[in-house]
Asks: 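Once you've had a glance at the structure underneath, I'll fire off some questions.
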Number of protein chains: 2
Amino acid sequence: MGYKKKTTIKDIANVLGITPSAVSKALNNHPRISEKTREAVLQVAKNLNYQPNHLASALRKGKSNLVGVIIPRANSNFFSSIIEKIEDILNKKGYNVIITQSNESYEKECRNIEALLFTQVDGILASMANETIKLDYYKKVKAKGIPLVLFDRGENDLDVDYIGIDDYLSSHIVIEHLVEQGCKRIAHIGGFSHTRIYKNRIRGYRDALKKYNLPIEDELIIESNLRKKDGREIMKSLLALPNRPDAVYVAGDYAALGALEVMKEYSIKVPQDIALVGFSNETFSSLVTPSISSIEQHSEQIGKLTAQTFLKRIANPEEKVTLNKIILKPELIVRDSSRKK
Amino acid sequence: MGYKKKTTIKDIANVLGITPSAVSKALNNHPRISEKTREAVLQVAKNLNYQPNHLASALRKGKSNLVGVIIPRANSNFFSSIIEKIEDILNKKGYNVIITQSNESYEKECRNIEALLFTQVDGILASMANETIKLDYYKKVKAKGIPLVLFDRGENDLDVDYIGIDDYLSSHIVIEHLVEQGCKRIAHIGGFSHTRIYKNRIRGYRDALKKYNLPIEDELIIESNLRKKDGREIMKSLLALPNRPDAVYVAGDYAALGALEVMKEYSIKVPQDIALVGFSNETFSSLVTPSISSIEQHSEQIGKLTAQTFLKRIANPEEKVTLNKIILKPELIVRDSSRKK
DNA sequence: TACTTTTGTTCCAACGTTTGAACAAATATA
DNA sequence: TATATTTGTTCAAACGTTGGAACAAAAGTA
């Protein structure tokens with residue numbers, strides 16, 4: 001009741017008849033403070049329900065203990081479990097995590113970066129929006145000397161730490177699997193090739209086809225936003241071809257799902273007529289009928305490494321910029337949509 | 001190159017030969033500052049690439065412009081779109097949003113609250129973990145006078161603003177629909193009844209059965225965590241009953257999905273043999289075969305109202321505590337899993 | 001006993017911003 | 001012209017914490 005003034009170290013100091021700085025030192029386990037005083041301070045702090053003022057200490061120390069995370073959207077297994085892991089690790093080290101979503105929009109992403117910088121975060125962990133081509137805002141972060149770690153969606157030009165999977169290899173694994181299943185005409189529904197990861201998947205797809213002496217046909221390679229409806233539309237166009245593919249490798253599960261729907265509508269047998277492989281191993285991929293084969297990207301691993309890379313960077317800021325580029329091995333989860341035998 | 005000292009208002013002041021306080025006032029559009037000075041300040045600020053130090057102003061003003069959000073997990077359509085909306089609205093008002101996940105754990109939730117309080121957030125918007133029964137931490141937030149708004153998962157005992165849907169009514173709508181489809185023996189896979197929303201769904205289910213003169217049988221009402229595997233296990237136990245239900249109403253889509261899987265495995269025709277209705281309208285619900293009927297909870301609406309309620313609360317903190325309890329109408333999306341005719 | 005070292009504390013300035021009071025100059029009012 | 005008002009700025013303290021320098025007291029060393 002009445003007015004609730006917050007307890008400060010000054011209040012504690014007054015109670016004990018010592019100075020605020022002694023209290024501060026006691027609370028921070030300064031080696032020069034006596035055990036007796038430390039205990040007394042702790043006791044009084046508890047009694048008065050003392051809550052340290054983070055803003056004050058952050059201001060004084062020039063360190064906010066806040067870390068910003070930017071993801072395209074939380075609404076996917078992949079990103080939400082990365083975040084879970086990042087939170088986990090950074091919380092243990094005394095950091096709080098601010099999560100923001102770009103919704104795949106460049107503009108929103110810029111605003112997020114602005115907001116994070118404004119909040120004085122100690123670092124930014126980001127996965128770039130599909131739309132993002134200009135890197136000016138990220139360069140600004142770098143210029144300010146704020147540690148920046150990219151994961152999954154990165155850019156080579158940016159010259160920062162990066163954690164992701166080997167997209168090029170993923171495509172190889174997928175094609176190898178499809179070839180094993182006897183497929184000979186494999187289409188690729190990909191993301192836009194201006195995004196590094198999608199470019200690599202496309203490159204991997206082409207190279208793998210070459211490796212297995214399969215023809216590369218431009219009409220079988222389509223770039224898109226990889227939403228479900230994109231998958232639908234592109235699948236329809238593929239079915240309209242005089243010479244249909246016998247397999248489709250989709251660079252995202254949502255689009256794969258759209259493609260699957262269309263094939264079902266056209267009474268095409270999956271995988272007998274056309275085999276299907278997706279990417280990202282979304283929750284639903286194992287749940288639809290037939291279940292969709294997909295590339296698992298080891299999100300926990302990515303989350304863990306991203307957080308650790310940030311911590312490493314913070315620990316030795318002066319360190320010569322030996323970039324941490326960590327590329328994880330993808331894993332293909334084979335399911336009904338591509339299992340012919 | 002060299003060392004990068006941050007620009008402060010002092011630097012601006014020096015350039016112009018005025019005092020820092022004049023600069024501050026210019027930047028904050030103080031009415032007493034001359035247009036000439038204001039413009040000069042803005043110009044210099046731009047040239048020096050000035051970035052206001054949020055920590056300092058937050059400390060001085062006793063307001064961090066940070067709002068904490070606690071959700072069980074981001075990995076669902078429902079919560080991620082609520083968050084998107086909250087971010088949207090609060091960003092426009094100059095707030096930054098810190099998102100934390102409890103992973104449905106009481107302990108993690110408490111740690112999140114601690115962390116948010118520590119960060120000096122100006123308010124907390126939360127949806128409680130399933131596990132949470134004790135309200136001590138939330139009471140602490142209230143005691144500190146920090147605005148607290150609950151959404152979706154709330155508690156009446158807590159006496160705070162709340163935004164959610166009418167769970168009791170939802171059950172009525174579901175049962176009415178199932179009765180219309182000719183179902184007579186309707187099971188309910190519910191959440192734990194110590195959670196308000198699940199209690200209400202169960203209550204609504206019971207009352208609706210009564211209304212339609214259907215028998216209430218305890219063996220057809222099972223409480224669980226509503227994960228997919230819970231749905232699977234419970235569905236199996238329901239199928240093991242001597243007298244199987246002809247419809248299952250599940251209080252969450254993940255569990256509904258598990259139930260559906262089991263039914264498919266047992267070659268049960270859905271909806272002919274057993275109709276199925278879920279809850280939350282997750283992404284996958286429309287995508288599986290058969291598509292799952294589900295309750296849509298208007299997440300954007302909830303997000304919007306939650307943010308607005310917070311803003312209202314902040315605007316008049318002294319206001320007599322007339323609680324904002326906003327209860328939205330649910331909507332049943334009828335799909336194949338329950339459409340018999 | 002005289003000196004050095006260690007221990008426990010106080011002192012004080014700083015972090016960057018804000019804000020009310022004070023003040024001088026310019027302008028308006030009588 | 002004298003006085004009141006308005007305008008534009010400076011002054012100084014404050015927000016709560018931190019950490020190095022300073023210092024006195026206690027303990028250790030010769």
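The shown structure was predicted, so the numbers you read here are calculated from the model rather than taken from an experiment.
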Asks: Which whole-number value in Å describes the distance from B/Lys36 NZ to D/dT9 P?
Replies: 7 Å

Asks: Is a salt bridge present between B/Glu114 and B/Lys140, judged by a nitrogen-to-oxygen distance below 4.0 Å?
Replies: yes

Asks: Look at the side chain of B/Ala22 and decide which nucleotide, out of C/dT10, D/dT10, D/dT17, has an atom nearest to it.
Replies: D/dT10

Asks: Where the side chain of A/Ser34 is concerned, which of C/dT19, C/dT9, D/dT10 is the nearest nucleotide?
Replies: C/dT9

Asks: Is B/Glu87 paired with A/Lys108 through a side-chain N to carboxylate O contact shorter than 4.0 Å?
Replies: yes

Asks: Separation of B/Ile9 atom CD1 from D/dT10 atom P, in whole Å?
Replies: 12 Å

Asks: Of B/Ser21 and A/Ile33, whose closest DNA chain C nucleotide lies nearer the 5' terminus?
Replies: A/Ile33

Asks: May I ask you to check whether B/Glu109 and B/Thr132 show a side-chain donor-acceptor distance below 3.5 Å?
Replies: yes

Asks: Among C/dC11, C/dG16, D/dG19, find the nucleotide with the atom closest to the side chain of A/Lys61.
Replies: D/dG19

Asks: Please give, in whole Å, the distance from C/dT17 C1' to B/Asp11 CG?
Replies: 13 Å

Asks: What contact category does A/Pro52 fall into here, base, sugar-phosphate, or nothing, at under 4.0 angstrom with non-hydrogen atoms?
Replies: sugar-phosphate

Asks: Between D/dA12, C/dC15, D/dT9, which one does the side chain of B/Thr37 approach most closely?
Replies: D/dT9

Asks: Let me know the distance between CZ of A/Arg32 and P of D/dA24, rounded to the nearest Å.
Replies: 15 Å

Asks: Side chain of A/Thr8, heavy atoms from C-beta onward: which of D/dT17, C/dT19, D/dC15 has the nearest atom to it?
Replies: D/dT17

Asks: Could you check how far CD of A/Glu35 sits from P of C/dG8, rounded to whole Å?
Replies: 10 Å

Asks: Can you measure B/Gln120 atom CD to D/dG16 atom C1' for me and round it to whole angstrom units?
Replies: 9 Å

Asks: How about A/Lys63: does its NZ atom have over 12 heavy atoms from other parts shown lying under 6.0 Å from it?
Replies: yes

Asks: Of all the choices, D/dT7, C/dT17, D/dG16, which nucleotide is nearest to the side chain of A/Ala56 once you look at every atom?
Replies: D/dG16

Asks: Flag the pair A/Arg153 and A/Glu104 as a salt bridge only when some basic side-chain nitrogen lies within less than 4.0 angstrom of an acidic carboxylate oxygen.
Replies: yes

Asks: Any idea which of C/dT10, D/dT17, D/dA22 is nearest the A/Ser57 side chain?
Replies: D/dT17

Asks: Using whole Å, report how far OH of B/Tyr50 lies from C1' of C/dG16.
Replies: 8 Å

Asks: Considering every strand and a 4.0 Å limit on heavy-atom distances, what is the contact class for B/Ile18: base, sugar-phosphate, or nothing?
Replies: sugar-phosphate

Asks: For B/His30 and D/dT9, what is the distance between atoms NE2 and C1' respectively, to the nearest whole Å?
Replies: 10 Å

Asks: What nucleotide among D/dA21, C/dG8, C/dG16 has an atom nearest to a side-chain atom of A/Lys25?
Replies: D/dA21

